[in-house]
Amino acid sequence: MSKNANNIYGASGLVFNEPLIFDLGTENHEAYSLPKSDVPEENIDDLIPANQKRDEIKGFPEVSEVGVIRHFTRLSQWNFSVDHGFYPLGSCTMKYNPKINEDIARISAFTNSHPLQPEQLSQGNLQLMNELAQDLAEISGMDKVSLQPAAGAQGELAGIMMVRAYHRKNGNPRKKVLLPDSAHGTNPATSILSGYEVVSLKSNGQGLLDPEVVKNAMDENVAALMLTNPNTLGLFEKDILEITEIVHKKGGLVYCDGANLNALMGISKIGEMGVDVMHFNLHKTFSTPHGGGGPGSGPVGVKKNLIPFLPIPIIDKKDDWYFLNYNHPQSIGKLKGFYGNFSIFLRAYAYIKTLGKENIRKVSEIAVLNANYIRSRLKEDFHLPYESPSMHECVLSDKNQLQHGVSTLDIAKSLIDYGFHPPTIYFPLIVKGALMIEPTETETKKTLDKFIEAMKDIAKRAKEDPESLHHTPLKSKVSRLDETLAARKPKLRWKPQE
Amino acid sequence: MRFIPTTKSDIEEMLNEIGVDSIDKLFQSIPEPLRMREDLNLSSAMSELELTRHLKKISSKNQLVEQHSSFLGAGSYRHFIPSIISHIASRSEFYTSYTPYQPEISQGTLHAIFEFQSLICMLTGMDVANASMYDGASSLAEAALMASRITKRKELIVSHVIHPDYRNVLDTYLTHLDIKIKTAPVTKEGLTDFNWIKKEINDQCAAILIQNPNFFGVIENIELFSEIAHNKNALQIVSIAEPVSLGILKPPGQLGTDIVTGEGQPLGIPMNFGGPSLGLFATQEKFVRNMPGRLVGETVDSEERRGYVLTLATREQHIRRERATSNICTNQGLCALMATVYLSTMGKNGMKEVAEQNIQKASYAKKRLLQINGIQLKFSGKIFNEFVIKTKKSPAEINGQLLKHSIIGGLDLEKYYPDLKNCMLFCVTEYNTKEEIDKMTDIIAKHCE
């Protein structure tokens with residue numbers, strides 16, 4: 001790392017070592033308290049059959065309250081998060097998660113509500129869900145939205161299952177789903193789960209889907225084309241109208257993966273592009289926290305033709321009364337218990353209300369501006385595989401650095417020492433050594449400039465001192481981990497000693 | 001707009017660098033007819049204070065639900081949640097990070113998930129567990145798919161006393177995959193009919209699916225089912241909707257179970273109107289490469305220091321694409337963290353104590369209710385914290401009376417089991433005081449007798 005980098009970027013603070021919680025305990029330490037049971041006590045052996053009763057849970061923690069708190073507080077300090085700094089993980093939209101939304105999600109009249117409590121007690125919950133679904137429909141141009149899917153991947157599953165139910169009702173479920181070769185891995189996996197074969201379509205030299213390619217692959221056995229727009233290269237599929245028309249002409253439907261909606265809010269409506277069904281990622285576009293990997297929320301939106309197939313229950317309103325409607329005989333059914341990830345809805349709802357119609361377009365404008373700014377300033381140093389205009393993210397590669405033996409992995413790991421989370425790497429698969437950078441709209445220009453400086457410094461070091469990049473990161477809790485060992489000799493749990 | 005810090009002069013400088021004269025020009029790849037000309041039809045922007053007032057108002061339409069005492073369970077359970085848990089889960093180092101793709105700066109999440117995997121293994125008696133499932137219902141469906149993959153068979157025997165939502169989700173997941181479901185009936189004790197299964201099971205069966213305690217609260221004899229499953233080279237899957245029961249019940253791993261799935265909400269996660277929660281998923285070592293979802297494993301760094309990484313990823317969609325074991329790419333990190341802190345806080349003694357209180361209090365409530373004329377026990381099997389009674393008056397009337405006294409009564413089962421008319425499923429946990437139970441039974445007595 002060049003000298004001035006050390007001055008600009010953060011150094012590591014006091015980092016504690018911490019064992020597994022199982023190695024912390026002392027017999028009979030307690031972190032819990034319960035009121036004494038106030039009912040007349042029965043002999044427990046009369047209440048459960050002897051052969052069903054367990055011995056003590058061997059190895060379970062016995063740690064003091066302060067012990068538990070310190071343990072997890074120390075662990076938290078080993079994480080990099082959005083609240084630490086810039087997190088340009090492409091396709092994941094790691095924007096700032098507003099704090100007020102967390103307060104709202106903890107209002108006890110929401111958190112303590114039981115999903116099966118009488119509807120008269122849940123009118124607030126149902127109203128909020130109804131309004132959120134309507135706002136998502138408005139933003140996307142879809143006709144109706146179900147909030148039920150628990151994550152983006154489950155939203156996809158709901159969507160493709162509706163496609164299948166639609167075709168089946170028309171007499172033939174069809175056999176294939178078309179996917180561009182730049183698609184997220186969840187897309188093919190979802191198609192298989194819905195009983196379809198997958199046909200991969202080659203992107204053209206501009207990184208886009210060619211109408212001719214779709215036309216040639218399209219026949220009466222194709223149930224749907226599944227695409228992402230902007231696609232995973234961050235490029236808008238400019239021929240989308242022609243493409244969706246080709247699919248519709250053969251009776252197929254079009255699914256849009258909504259992972260990249262952050263480029264389009266208030267700019268263009270996916271529902272007007274000939275898309276029949278799409279999902280939203282509330283944890284991306286609508287600022288709900290990613291939670292170390294989840295919980296997310298993946299509502300699914302449809303045009304009129306697919307409304308009868310939406311998952312049940314549907315939230316309906318009659319006069320001023322909200323209710324859960326299970327009476328949809330053509331529905332694909334239920335995808336998860338109850339109605340969806342409600343506390344995530346609260347955050348997304350609060351986010352949309354805070355932005356309002358005045359600001360929502362600005363989200364996408366600045367997200368796109370930021371991505372293009374980074375692209376413009378880095379394209380001399382890093383290879384830009386596609387010249388088509390970028391939307392909210394840009395994809396670069398390690399082609400220039402590889403000449404010096406420096407790979408995308410080295411670039412990513414080196415960025416950590418500059419105080420940044422690395423971009424998404426090695427995806428999309430069609431770009432060799434991809435670095436997919438999504439800055440989002442919530443970063444200041446100063447932050448972007450520092451990131452750009454760090455990238456430029458790495459490019460410089462790749463030329464002048466490539467060796468210095470092979471052993472990074474140097475400032476993190478641990479250095480590069482042996483992933484081969486982890487896979488070859490899996491150790492997936494701690495075990496108490498016999 | 002406080003979430004978008006870019007200033008006017010920033011915008012000018014940035015446009016200048018890019019070489020365009022307006023933000024609109026950045027959107028030129030969007031065809032003209034697709035570009036919006038009007039603002040979205042949304043409400044106007046709210047300040048933080050306005051937003052708080054607005055949401056307080058909506059939440060107040062929930063009729064002060066926190067002031068009710070409740071006897072509802074059926075897949076979502078009200079347990080006492082120690083204060084520690086929300087404090088840890090509110091640390092933004094945990095909740096504003098993402099899937100630990102870069103292990104060097106994600107050791108907090110990875111270490112915690114490794115502990116979660118270990119705790120769930122100990123609780124269930126299994127070898128390996130993940131933190132990737134959405135909830136109890138979808139994790140059961142994933143287990144069914146896994147059993148079909150392992151056995152290469154296309155038939156399942158599913159107990160009728162598995163949570164109706166879980167069975168519905170199973171139907172949804174299986175419907176396009178040619179996997180047939182045979183539903184096993186219920187005995188008068190409220191148990192899955194073992195003799196029926198013994199007669200019906202054949203060489204096509206991939207797995208027998210049982211819930212324990214089952215949807216009627218009754219404790220099943222798991223060992224019987226694993227024996228007959230294994231006799232036919234099928235697997236045995238147990239779904240645990242109420243994992244607090246494992247504080248006292250023998251873990252399925254000691255009863256021959258091949259895959260344990262379940263709902264993690266009762267382990268320190270608020271009910272939140274049904275979500276988000278956490279799907280539990282655990283199995284035996286020999287099946288690990290058939291598992292869906294992400295796994296965390298232990299390894300060392302270049303200086304031989306212990307560390308954790310996501311591992312065995314070749315099962316997963318981002319690598320294997322259409323040949324993946326599942327389309328799941330989540331790990332339910334934050335919910336798994338909450339369960340990890342809960343289990344660590346309750347510890348060995350707390351899990352036992354809380355389970356015992358549930359069983360004692362449910363037994364007390366059951367006894368009190370059965371003293372009332374016009375109320376009968378529907379199923380005679382041993383229970384954990386839920387039980388079914390049959391009433392003379394309709395459940396709607398009874399629950400209406402209770403609600404007048406701020407009590408949420410038991411679940412009317414007719415909607416889920418049409419032949420169970422006038423039957424109610426009651427749930428009693430450590431959260432319910434004797435006073436609440438007495439008040440509830442007194443009101444029902446007054447109304448029914």
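Each chain gets a letter, A, B and so on, in the order its sequence line appears, and its residues count up from 1.
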Next item on the list: Could you walk me through whether E104(B) and K413(A) pass salt bridge (Lys or Arg N to Asp or Glu O under 4.0 Å), step by step?
Entry: CA-CA 9 Å; E104(B) 298 86 353; K413(A) 298 300 183 194; 2.8 Å; yes
Answer with side chain, backbone, both or neither: which region of [X] has an atom nearer than 4.5 Å to a non-hydrogen atom of chain A?
X       : value
D135(B) : side chain
V309(B) : side chain
V288(B) : side chain
F384(B) : neither
I88(B)  : side chain
I30(B)  : both
L337(B) : side chain
N221(B) : both
K352(B) : neither
I4(B)   : both

Notebook entry, point to check: Going by an N to O cut-off under 4.0 Å, is there a salt bridge joining K336(A) and D165(B)?
Noted result: no
Check: Is a side-chain donor-acceptor pair under 3.5 Å present for K353(A) with S43(B)?
Finding: yes
Check: Relative to chain B, which segment of D103(A) carries a heavy atom at a distance below 4.5 Å: side chain, backbone, both, or neither?
Finding: neither
Margin query: Given heavy-atom pairs under 4.5 angstrom as the criterion, report whether the side chain, backbone, both or neither of I139(A) touches chain B.
Written below: both
Next item on the list: For the pair F273(B) and Y339(A), name the ring-plane relationship: parallel under 30°, tilted 30 to 60°, perpendicular over 60°.
Entry: tilted
Between [options], which has the largest tally of heavy atom pairs under 4.5 Å with chain B?
options                            : value
L128(A), L355(A), I344(A), I107(A) : L355(A)
E18(A), E272(A), E42(A)            : E42(A)
S343(A), G195(A), P98(A), G296(A)  : S343(A)

If we only count heavy atoms from C-beta on, is the [X] to [Y] side-chain gap below 4.5 Å?
X       : Y       : answer
P103(B) : E483(A) : yes
S37(A)  : E353(B) : no
F60(A)  : L123(B) : yes

Checklist line | Most chain A-contacting option - heavy-atom pairs closer than 4.5 Å, from G347(B), P100(B), G274(B), G19(B) | finding: G274(B)
Next item on the list: Using modelled atom types only, decide if a donor and an acceptor are shared between the side chain of D482(A) and the backbone of T299(B) within a distance under 3.5 Å.
Entry: no
